[in-house]
Amino acid sequence: MPTVAEIARRFGGAYLQKFQATMPVEQRKVLGLIARCRNDLGTVVYHCQTCQRQHAMPRSCGNRHCPTCQQDKTKTWLQKQMSRLLPCPYFLLTFTVPASLRAFVRSHPRACYEALFAASSETIRTLAADPKFVGRASEKGSGSICAQHPK
């Protein structure tokens with residue numbers, strides 16, 4: 001399976017050509033660092049006290065967004081989060097942005113994601129407060145919100 005760095009090296013240039021005008025500078029920098037991670041950032045030579053040999057290791061980018069560099073921290077964080085889960089089923093909700101707004105969102109991520117999270121949070125709270133949307137049948141309806149499976 002290819003690494004994120006390999007994908008960034010292979011497709012990053014084309015991605016930047018297409019989206020660079022609407023990408024924040026920080027994201028462009030991160031993409032560049034990840035593409036260079038353990039590839040063309042040079043090497044570090046270590047001398048092992050146990051085997052008395054020198055070992056050359058490719059230099060990592062160290063960026064907090066790089067999955068290669070932050071792998072151990074990610075595993076530790078994930079284990080901590082998993083230990084905090086309640087013993088009940090979980091599910092995933094996905095909120096999307098219409099295609100016509102994506103370029104705007106890409107160029108103004110902070111404000112747009114803040115608005116998206118506020119709107120999605122309000123939607124979840126509204127639906128969760130209504131018993132017909134959390135698995136209980138209402139007096140008038142079936143309780144199903146699925147258009148393909150109305151009861």
Check for me, please, whether V25 and L16 land in the same ILVMFWY cluster - side-chain distances under 4.5 Å, paths through other members count.
no
Using 0.5 Å steps for rounding, measure from the CG atom of N39 to the CG atom of L41.
8.0 Å
Q52 and H47, any side-chain heavy atoms less than 4.5 Å apart:
yes
Applying ring pair (Phe, Tyr, Trp, His ring centres under 6.0 Å), can you list everything that pairs with F117, at least two apart in sequence or on another chain?
none
Would you name the heavy atoms of P131 and A129 that are closest together and state the gap between them?
CD-O, 3.5 Å
Just to verify, what does Q81 make a side chain to side chain contact (heavy atoms under 4.5 Å, CB included) with, not counting sequence neighbours?
W77, R84
Are any of the side-chain heavy atoms of Q79 and M82 separated by less than 4.5 Å?
no
Walk me through whether T43 and R59 qualify under side-chain contact (heavy atoms from CB on, under 4.5 Å).
CA-CA 5 Å; T43 56; R59 190 178 298 272; over 6 Å; no
Just wondering, do T94 and T96 contact through their side chains at under 4.5 Å, heavy atoms?
yes
Between N63 and H65 the two heavy atoms that sit nearest each other are OD1-N, 2.7 Å
Name every donor-acceptor pair, under 3.5 Å, that has one atom in a side chain of residues 27-38 and the other anywhere in the protein, sequence neighbours excluded.
{"residue": "R28", "atom": "NH1", "partner": "Q20", "partner atom": "O", "Å": "2.9"}
{"residue": "R28", "atom": "NH1", "partner": "M23", "partner atom": "O", "Å": "2.8"}
{"residue": "R38", "atom": "NE", "partner": "S60", "partner atom": "OG", "Å": "2.7"}
{"residue": "R38", "atom": "NH2", "partner": "S60", "partner atom": "OG", "Å": "3.3"}

Under a single-linkage definition using a 4.5 Å side-chain heavy-atom cutoff for Ile, Leu, Val, Met, Phe, Trp and Tyr, are F11 and F19 assigned to the same hydrophobic cluster?
no
Is there any salt bridge (Lys or Arg N to Asp or Glu O under 4.0 Å) pair reaching into residues 114-128, and which pairs are they, with sequence neighbours excluded?
none
Rounded to the nearest 0.5 Å, what separation is found between the CZ atom of R9 and the CG atom of D40?
8.0 Å
Linking I/L/V/M/F/W/Y whenever their side-chain heavy atoms sit closer than 4.5 Å, directly or via other members, would L92 and Y113 fall into one cluster?
no
Decide yes or no for S121 and I124: does some side-chain heavy atom of the first lie under 4.5 Å from some side-chain heavy atom of the second?
no
Report the C-alpha separation of H55 and R53 in whole Å, then their side-chain angles, then the decisive distance to 0.1 Å, and conclude whether the side-chain contact (heavy atoms from CB on, under 4.5 Å) test is met.
CA-CA 7 Å; H55 303 275; R53 295 174 59 196; 4.1 Å; yes
F91 atom CZ, over 12 foreign heavy atoms within 6.0 Å:
no
Which pair of heavy atoms, one from G62 and one from C69, lies closest together, and at what distance?
N-SG, 3.2 Å
Nearest non-hydrogen partners of F95 and L116, listed with the distance
CB-CD1, 4.4 Å
Quick one: side-chain hydrogen bond (donor to acceptor under 3.5 Å, both in side chains) pairs with a partner in residues 97-106, sequence neighbours left out?
Y15-R106
Is V97 reachable from L93 through a run of I, L, V, M, F, W or Y residues, each pair having side-chain heavy atoms under 4.5 Å apart?
yes
Please name all residues satisfying side chain to side chain contact (heavy atoms under 4.5 Å, CB included) with M57, sequence neighbours left out, ordered by chain then number.
Y46
Interatomic distance, OG1@T126 vs CZ@F133, rounded to 0.5 Å, equals 10.0 Å
